[in-house]
Amino acid sequence: MATGSLKKMGSIDAQLRLIAPAKVSEDDKLVEYDALLLDRFLDILQDLHGEEVREFVQECYEVAADYDGNRNTAKLEELGNMLTSLDPGDSIVVTKSFSNMLSLANLAEEVQIAYRRRIKKLKKGDFADEASATTESDIEETLKRLLQLNKTPEEVFDALKNQTLDLVLTAHPTQSVRRSLLQKFGRIRDCLTQLYAKDITPDDKQELDEALQREIQAAFRTDEIRRTPPTPQDEMRAGMSYFHETIWKGVPKFLRRVDTALKSIGINERVPYNAPLIQFSSWMGGDRDGNPRVTPEVTRDVCLLARMMAANLYFSQIEDLMFEMSMWRCNEELRVRAEVQRCAKRDAKHYIEFWKQIPSNEPYRAILGDVRDKLYNTRERARQLLSSGVSDITEDSVFTSVDQFLEPLELCYRSLCDCGDRPIADGSLLDFLRQVSTFGLALVKLDIRQESDRHTDVLDAITQHLGIGSYKEWSEDKRQEWLLSELSGKRPLFGHDLPKTEEIADVLDTFKVISELPHDSFGAYIISMATAPSDVLAVELLQRECGITHPLRVVPLFEKLADLENAPASVARLFSIEWYRNRINGKQEVMIGYSDSGKDAGRLSAAWQLYKTQEELVKVAKEYGVKLTMFHGRGGTVGRGGGPTHLAILSQPPDTIHGQLRVTVQGEVIEQSFGEEHLCFRTLQRFTAATLEHGMNPPVSPKPEWRVLMDEMAVIATEEYRSVVFKEPRFVEYFRLATPELEYGRMNIGSRPSKRKPSGGIESLRAIPWIFAWTQTRFHLPVWLGFGSAFKRVIQKDAKNLNMLKEMYNQWPFFRVTIDLVEMVFAKGDPGIAALYDRLLVSEELQPFGEQLRVNYQETRRLLLQVAGHKDILEGDPYLRQRLQLRDPYITTLERCQAYTQADT
């Protein structure tokens, strides 16, 4: 290993004391956690690869930390020289080491946040971190705060039990970490947490430390990269594993906490078990927008797989519930039912032994025994249909509706209450009832998503086959007229003789699968790239033509800037159609896309247009007497609409949530939200508390002068963004040279292609690789581009506008959240790393273009701080600043490795 002269390093603890960020508060253990994990990793590294490798890794860490502390480019050059001196084998070991060290630093951060949250709950004090009142509140704090705002306990309870939160898990390819590694990381977190418990014994400490070292070594020895791309079924299984591991038990646990919080404000009722407080949906196996691997067969498989998993989860709990229900006192209704069931099954050989085990004085077990049998049959029928497409188990021996499932459980609950055993009823039985009401027989409802053009192609084939012209060439008015005529009629539109391309057959076969599977398996039908009422009516007609007896609700998705601008008018035209108003029965859902709108126009313009579109859509809905549910297609990163959940909800326009919210939980955010029991609890609490607070204490509306200024800035920002991204002829070449965008297309991190079309420029690139490519170079261009020009122009136009921007920042939640998120991105950014990529990868004639972008970056950063009234980045969030500083040396070294590797290929 060519390392040159290496000085002998001391312990990593001593080293960290010199270069790590200082403690922020008395209960700050982050540096301590990180030092312990790093020490253990380096010991393992030395055992596996020798002392020389360990010393080299430590020295790289120190040089990188020195660079990150003062942005000394000489240190960045020194780090580069060290890394390029390695042979390929050692380079892989060093890179993998820093990747693992970064993962361990992230785990230390998660344990620190959980620790400080526990301290807060014990002390009942302030907590200036992610869980502070500015970014998150627990449910009890939210309820009490609403009482302070002159809401009565009864009003709060009524709003809470009637609100609906639907979390939609997607399968977008942003979770690059393998499940096997995520599970090991979870065990490392557990070990670290337990090691710092106050009541730990020396023996326990020794055993936990050994377990910690085993898990760290196992993670280091595990391949980080998938060798083959996951199938949609793989993504479904990975997504469903979160239900098995945390969500299934997390929901009733959280609802119990809600009950406790209600008691704290004087409400002695529990949230009704059938209140639609929390629901779950999925796009895994249903999102076919640009993903040719999601076929009708895949949709069928994932629905049956989810039903099988749901039945299995219920079946695994029902015997425990039967064991608890040993009481003999019951009401007359239950006693009669139990005796009838005994008589009906007494002579059935299959049940003789089972029923002999249940004495006649245990009526609850008799009722639940029948539930158990049907759950077994329900599971086995789904398993058989999944494996062979047929089943010998008849439908009358299984649960076919959730009401069927709930009925005997409700009978047991009523009987216990009638007999004075309400405390028993409110135990495991109530938890079970809440699970049934939340998850149903399908576990999650599958949304179907398809592009509007695919439906247009199908209808064009039909109209041409009927000899009435080309649907594609018709005007919007003519399309609507024909669609409504057919929807009002009864004749079938096509038969088996319809000429079909592979794409048309795929669309029609998807509708056929929907018609054949139980209707409770499905949620919404999302139309991406929706632009007109005919897009919605087309899906309604195709559902009818394909024999779907319980049509899915049809949800237009507006994504690009122009589509968002036109959305209110389009929805108004849709509501003006009498047939459609009768169809929706006063309810409509509209989805708005954050990722593609940001890619189309930049973060500032997209955020403002999303805000205005929601306001206008609500006005349109009120005009037509329709209750509107907004479906927010948010990603994980700031460039794709991500950010702290609590702030994101509380910064939405007034009157746009009203207790009804659907939101996507995408990619890596699924792990961050549900990967651990405490994360699941925290996620449910965040969403529930923020949704309730927004409805009962809406944020302020912007002043008219703020709107005028925002409109002006949005025009400037869009012009600047598009002039660079879409109109600058050198941009695409620069982007593909300066970032690892092309490498993303070759990674096995998802089933969906990185582009909607194999050829094409930025417009065809999906938002995920577009954002992530810039993240890798720490330049984050899609997030900040446009802000600087907008600020600069309006301030130059009138110096008073700076004071107005500061006023907006201090008084308007939407504007403050927008600015704070961009400030956070600047805290993660480093134009020096971006300059390194340029120097190594970009042709000489394009380098001045990159330099100009970095000048723009620095100017935007300066103006952002001026508007926020901050002297330095993240001056108001020392905890986040500390965590970012702790990660920087790992990230800097990895980026240096990546840049040189990319330059050599």
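The aromatic rings of Y376 and F315 lie tilted to each other, with the angle between the two planes from 30° to 60°. Aromatic ring orientation, F631 versus W283: perpendicular (interplanar angle above 60°, classes split at 30° and 60°).
Atom CD of E615 is separated from atom CD of Q652 by 10.5 Å, given to the nearest 0.5 angstrom. The CG atom of D655 lies 13.5 Å from the CG atom of L617; values are rounded to the nearest 0.5 Å. Distance check: I548 CD1 to L542 CG gives 9.0 Å after rounding to the nearest 0.5 Å. We find the CG-CD distance between D166 and Q279 to be 6.5 Å, quoted to the nearest 0.5 Å. The OG1 atom of T299 sits 11.0 Å away from atom CG of L304, with the distance rounded to the nearest 0.5 Å. Once rounded to the nearest 0.5 Å, the distance linking CD1 of I367 with CG of L409 reads 10.0 Å.
Taking the charged nitrogens against the carboxylate oxygens, E481 and K478 have no contact shorter than 4.0 Å, which rules out a salt bridge. Here E319 pairs with R372 in a salt bridge; the nearest charged N to carboxylate O distance falls below 4.0 Å.
A distance of 6.0 Å or more separates the ring centres of F280 and W248. Here F432 and Y273 keep their ring centres 6.0 angstrom or further from each other.
For the pair L484 and L537, the minimum side-chain heavy-atom distance is below 4.5 Å. Counting heavy atoms from C-beta on, the side chains of F243 and L169 come closer than 4.5 Å. Looking only at side-chain heavy atoms (C-beta outward), N274 and L406 stay at 4.5 Å or farther from each other. The closest side-chain heavy-atom distance from K587 to Q660 is not below 4.5 Å. Side-chain contact between D431 and R256 is present, with heavy atoms from C-beta onward closer than 4.5 Å. Side chains of K512 and P296 form no contact here, defined as non-hydrogen atoms less than 4.5 Å apart. Considering only heavy atoms from C-beta on, L443 comes within 4.5 Å of L313 through its side chain. Looking at L441 and P518, their side chains never come closer than 4.5 Å, going by heavy atoms from C-beta outward.
With sequence neighbours excluded, the residues that form a side-chain contact (heavy atoms from CB on, under 4.5 Å) with Q163 are L160, L277, T688, T691, L692. With sequence neighbours excluded, no residue forms a salt bridge (Lys or Arg N to Asp or Glu O under 4.0 Å) with E269. The side-chain contact (heavy atoms from CB on, under 4.5 Å) check on E297 picks up T295, with sequence neighbours excluded. For the ring-ring contact (aromatic ring centres under 6.0 Å, His included) test, no residue two or more places apart in sequence or in another chain qualifies with Y580. Evaluation of the salt bridge (Lys or Arg N to Asp or Glu O under 4.0 Å) rule for R479 yields no partner, not counting sequence neighbours. With sequence neighbours excluded, no residue forms a salt bridge (Lys or Arg N to Asp or Glu O under 4.0 Å) with R288.
Identified under the salt bridge (charged side-chain N to carboxylate O under 4.0 Å, His left out) test for residues 488-501, with sequence neighbours left out: E486-R491. Among residue pairs with one or both ends in residues 376-386, those qualifying as salt bridge (charged side-chain N to carboxylate O under 4.0 Å, His left out) are E380-R383, R381-E395; sequence neighbours excluded. Screening residues 302-311 for salt bridge (charged side-chain N to carboxylate O under 4.0 Å, His left out) gives R307-D520 as the qualifying pairs, with residues at least two apart or on separate chains. Pairs engaging residues 399-408 under the side-chain hydrogen bond (donor to acceptor under 3.5 Å, both in side chains) rule: R337-E407, T400-Q404 [sequence neighbours left out]. Among residue pairs with one or both ends in residues 520-540, those qualifying as ring pair (Phe, Tyr, Trp, His ring centres under 6.0 Å) are H455-Y525, F511-Y525; sequence neighbours excluded. Sorted by first and then second residue, the salt bridge (charged side-chain N to carboxylate O under 4.0 Å, His left out) pairs involving residues 573-583 (not counting sequence neighbours) are D477-R573, E540-R583.
For the residue pair D447/S281, the side-chain donor-acceptor check at 3.5 Å is not satisfied. For the residue pair E476/S534, the side-chain donor-acceptor check at 3.5 Å is satisfied. In this model, no donor atom of one side chain and acceptor atom of the other lie less than 3.5 Å apart for Q464 and Y471.
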>> side chain to side chain contact (heavy atoms under 4.5 Å, CB included), that's the test. Do I584 and R553 meet it? Break it down for me.
In response: CA-CA 8 Å; I584 61 176; R553 64 185 188 276; over 6 Å; no

>> If you apply the rule side chain to side chain contact (heavy atoms under 4.5 Å, CB included), what do you find for Q450 with T510, and how did you get there?
In response: CA-CA 10 Å; Q450 182 60 277; T510 299; 5.8 Å; no

>> Set out, in order, the CA-CA distance, both residues' side-chain angles and the distance that settles side chain to side chain contact (heavy atoms under 4.5 Å, CB included) for M591 and T664, then state yes or no.
In response: CA-CA 10 Å; M591 184 174 183; T664 54; 4.2 Å; yes

>> One pair to check against salt bridge (charged side-chain N to carboxylate O under 4.0 Å, His left out): K472 and D457. What are the steps and the verdict?
In response: CA-CA 7 Å; K472 286 183 179 180; D457 291 341; 3.0 Å; yes

>> Could you go through T613 and F558, starting from their C-alpha distance and side-chain angles, then the distance that decides it, and tell me whether this counts as side chain to side chain contact (heavy atoms under 4.5 Å, CB included)?
In response: CA-CA 10 Å; T613 297; F558 301 101; 5.9 Å; no

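The backbone N or O of Q384 sits less than 3.5 Å from a side-chain atom of S387, completing a donor-acceptor pair. The backbone N or O of T531 sits less than 3.5 Å from a side-chain atom of D535, completing a donor-acceptor pair. The backbone N or O of L552 sits nowhere less than 3.5 Å from a side-chain atom of H519 that would complete a donor-acceptor pair. Under a 3.5 Å cut-off, the side chain of T629 and the backbone N or O of E589 do not form any donor-acceptor pair. Using a distance-only test at 3.5 Å, with no hydrogens or angles considered, no donor-acceptor pair links the side chain of N582 to the main chain of W579. Proximity of a side-chain donor or acceptor of Q588 to a complementary backbone N or O of V554 within less than 3.5 Å is detected. A donor-acceptor contact shorter than 3.5 Å links the side chain of T463 to the backbone of D460. Remark: the backbone N or O of R434 is not paired with any side-chain donor or acceptor of S437 at under 3.5 angstrom. In this structure a side-chain-to-backbone donor-acceptor pair under 3.5 Å is present from T246 to F674. Between the side chain of S597 and the backbone N or O of G593 there is at least one donor-acceptor pair closer than 3.5 Å.
In terms of heavy atoms, P499 sits closest to A461 at O-CB, 4.3 Å. Closest heavy-atom contact between R634 and A648: NH2-CB, 3.3 Å. Across every non-hydrogen atom of C412 and L334, the tightest pair is CA-CD1, 3.7 Å.
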